[in-house]
Amino acid sequence: MKLKLRIWRQADADAKGGMVAYELDEVSEDASFLEMLDVLNERLISEGEDPVAFDHDCREGICGACSLVIDGQPHGPQAATTTCQLHMRKYKDGDSIDVEPWRAGAFPVIKDLVVDRSAFDRIIQAGGYISAPTGTAPDAHAVPIPKQDADAAFSAAACIGCGACVAACPNGSGMLFMAAKVAHLGLTPQGQPERATRVLGMVAAHDEAGFGGCTNTGECSAACPKEIGLDVIGQLNRDFRKAAIRAA
């Protein structure tokens with residue numbers, strides 16, 4: 001198939017960026033979106049031009065590295081799908097596609113489609129560590145935990161930290177990411193000793209990094225490739241209020 005691409009190009013963090021048009025022929029419908037960009041980059045390199053910089057790693061939908069806004073939607077038009085797992089059969093011959101980086105104040109552009117997501121790392125670091133000794137993996141029945149809590153913790157732990165929630169949020173909030181990390185530890189017995197300090201530290205790091213506040217628009221959950229629900233934000237809010245009252 002033939003495609004018309006408009007891709008955000010920006011030489012570095014201080015440069016002024018803009019959309020640049022490209023045309024690509026003979027794109028296989030079986031190719032992933034990132035493989036399509038690889039084909040474009042091979043052509044650009046052969047022509048002596050600078051290839052388009054974009055993040056990628058596992059290309060299996062589990063690492064969270066791929067981070068593209070495609071036609072205004074983080075990760076593209078297919079629900080519950082990362083950019084690397086989006087295939088070109090989703091498009092038709094002659095389609096025009098806009099490709100941009102995550103748009104958020106806390107995620108400054110480094111080059112082209114690559115943004116600095118180290119603010120997420122600082123939130124995780126602020127959460128501290130688990131002091132409860134866990135040793136080797138215990139038998140499934142060794143630690144009593146209600147199935148409802150186990151299922152909720154497992155769902156929250158599916159977060160891959162890609163940042164689509166931030167890119168989709170009109171406020172640039174990282175609340176869904178942070179809440180998923182708080183919930184999956186706060187719902188397990190091993191996460192209890194640091195439960196209060198964890199949520200206080202992570203919320204403070206979130207705000208310090210320049211993320212916006214959550215106003216419950218729900219765009220974050222809709223854009224999440226792992227379908228993390230808004231219930232984790234409710235859990236975070238409850239934990240934060242309890243921890244703040246005890247710390248006062």
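We number each residue from 1, following the sequence as shown.
Ionic pairing of Arg9 and Asp112 is present here: one or more N-O contacts between side-chain nitrogen and carboxylate oxygen are shorter than 4.0 angstrom. Arg198 and Asp239 are not joined by a salt bridge, as no carboxylate oxygen comes within less than 4.0 angstrom of a charged side-chain nitrogen. Asp98 has a carboxylate O that lies under 4.0 Å from a charged side-chain N of Arg6, or vice versa, which qualifies the two as a salt bridge. Ion pairing of Asp38 with Arg59 is present here, as a side-chain N (NZ or NE/NH1/NH2) and a carboxylate O approach within less than 4.0 Å.
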Subject >> Stepwise side chain to side chain contact (heavy atoms under 4.5 Å, CB included) test for Leu185 and Ile130 >> reply: CA-CA 9 Å; Leu185 294 174; Ile130 298 294; 4.2 Å; yes
**OP:** Please test Trp8 against Val20 for side chain to side chain contact (heavy atoms under 4.5 Å, CB included), starting from the C-alpha separation and ending with a verdict.
**Re:** CA-CA 6 Å; Trp8 183 264; Val20 178; over 6 Å; no
Original post:
What's the verdict on side chain to side chain contact (heavy atoms under 4.5 Å, CB included) for Val109 and Val114, showing C-alpha distance, side-chain angles and the deciding distance?
Top reply: CA-CA 6 Å; Val109 173; Val114 179; over 6 Å; no
Original post:
How far apart are the C-alpha atoms of Leu44 and Asp50, what are their side-chain angles, what is the distance that settles it, and do they pass the side chain to side chain contact (heavy atoms under 4.5 Å, CB included) test?
Top reply: CA-CA 6 Å; Leu44 292 176; Asp50 192 28; over 6 Å; no
**OP:** Kindly determine whether Phe107 and Phe211 satisfy ring-ring contact (aromatic ring centres under 6.0 Å, His included), including the steps that lead there.
**Re:** CA-CA 9 Å; Phe107 289 163; Phe211 291 101; 5.7 Å; yes
**OP:** Under the salt bridge (Lys or Arg N to Asp or Glu O under 4.0 Å) rule, what do Asp55 and Lys111 come out as? Steps first, then yes or no, please.
**Re:** CA-CA 10 Å; Asp55 274 329; Lys111 182 178 180 180; over 6 Å; no
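Taking all atoms of both residues into account, the shortest heavy-atom contact from Ile228 to Ala180 is CG2-CB, 4.2 Å. Of all heavy-atom pairs spanning Ser131 and Pro193, the tightest one is OG-CB, 3.7 Å. Nearest heavy-atom pair, Met202 versus Ile124, reported as atom, atom and distance to 0.1 Å: CE-CD1, 4.3 Å. Taking each heavy atom of Ile233 and Cys220 in turn, the nearest pair found is CD1-SG, 4.4 Å. Considering all non-hydrogen atoms of both residues, Lys92 and Leu3 come closest at O-CD2, 4.0 Å. Listed here is the closest heavy atom pair of Ala243 and Leu200: CB-CG, 3.8 Å.
With rounding to the nearest 0.5 angstrom, the CG atom of Leu86 is 9.0 Å from the CG atom of Leu34. With rounding to the nearest 0.5 Å, the separation of CG in Leu236 from CG in Asp231 is 11.5 Å. Between the CD1 atom in Ile97 and the CD1 atom in Ile7 there is a gap of 9.0 Å [rounded to 0.5 Å]. The CD atom of Glu219 sits 13.0 Å away from the SG atom of Cys224 when rounded to the nearest 0.5 Å. Atoms CZ and SG, on Phe54 and Cys84 in that order, are 10.5 Å from each other to the nearest 0.5 Å. Atom OH of Tyr129 is separated from atom CD of Glu194 by 6.0 Å, given to the nearest 0.5 angstrom.
One side chain, Asn171 or Thr215, offers a donor N or O that lies under 3.5 Å from an acceptor on the other. Side-chain contact, Glu227 with Ser221: no donor N or O sits under 3.5 Å from an acceptor N or O. In this model, no donor atom of one side chain and acceptor atom of the other lie less than 3.5 Å apart for His75 and Thr82. No hydrogens or angles considered: nothing links the side chains of Gln125 and Arg122 as a donor-acceptor pair under 3.5 Å.
With hydrophobic clusters built from ILVMFWY side chains whose heavy atoms lie under 4.5 angstrom apart, Met175 shares a cluster with Trp102. Hydrophobic clustering, with ILVMFWY side chains joined whenever heavy atoms are under 4.5 angstrom apart, groups Val199 together with Leu176. Cluster annotation: Ile110 and Val69 are assigned to distinct hydrophobic clusters (Ile/Leu/Val/Met/Phe/Trp/Tyr, side-chain heavy-atom contacts under 4.5 Å, transitive). A single hydrophobic cluster is not seen to contain both Phe177 and Ile160; linkage of ILVMFWY side chains at heavy-atom distances under 4.5 Å, directly or through other members, places them apart. Using a 4.5 Å cut-off between side-chain heavy atoms of Ile, Leu, Val, Met, Phe, Trp and Tyr, with links allowed through other members, Tyr22 and Ile45 fall into different hydrophobic clusters.
Side-chain contact between Thr83 and Ile70: present, with at least one pair of heavy atoms (C-beta onward) separated by less than 4.5 Å. Counting heavy atoms from C-beta outward, Cys162 and Ser67 have side chains that stay 4.5 Å or more apart. Leu68 has its side chain out of reach of Glu100: every pair of non-hydrogen atoms, C-beta onward, lies at least 4.5 Å apart. In this structure, the side chains of Leu40 and Leu5 come closer than 4.5 Å at one or more pairs of heavy atoms. Side-chain contact between Leu24 and Arg43: present, with at least one pair of heavy atoms (C-beta onward) separated by less than 4.5 Å. Within the 4.5 Å cutoff, side-chain heavy atoms of Met88 are placed close to those of Phe33. Taking 4.5 Å as the limit, every side-chain heavy atom of Lys90 sits out of range of all side-chain heavy atoms of Glu29.
The backbone N or O of Val182 lies less than 3.5 Å from no partner atom in the side chain of His184, so there is not a single donor-acceptor pair. Gln10 places a side-chain N or O within 3.5 Å of a backbone atom of Asp12 that can act as its donor or acceptor partner. At least one donor-acceptor pair under 3.5 Å links the side chain of Glu35 to the backbone N or O of Ser32. Side chain of His206 to main chain of Gly174: a donor-acceptor pair is present (N/O by atom type, distance under 3.5 Å, no hydrogens or angles). A donor-acceptor pair is defined here as one N or O able to donate and one able to accept, closer than 3.5 Å; such a pair exists between the side chain of Lys181 and the backbone of Cys159.
Note on residues 66-89: pairs passing salt bridge (charged side-chain N to carboxylate O under 4.0 Å, His left out), not counting sequence neighbours, are Asp30-Arg89.
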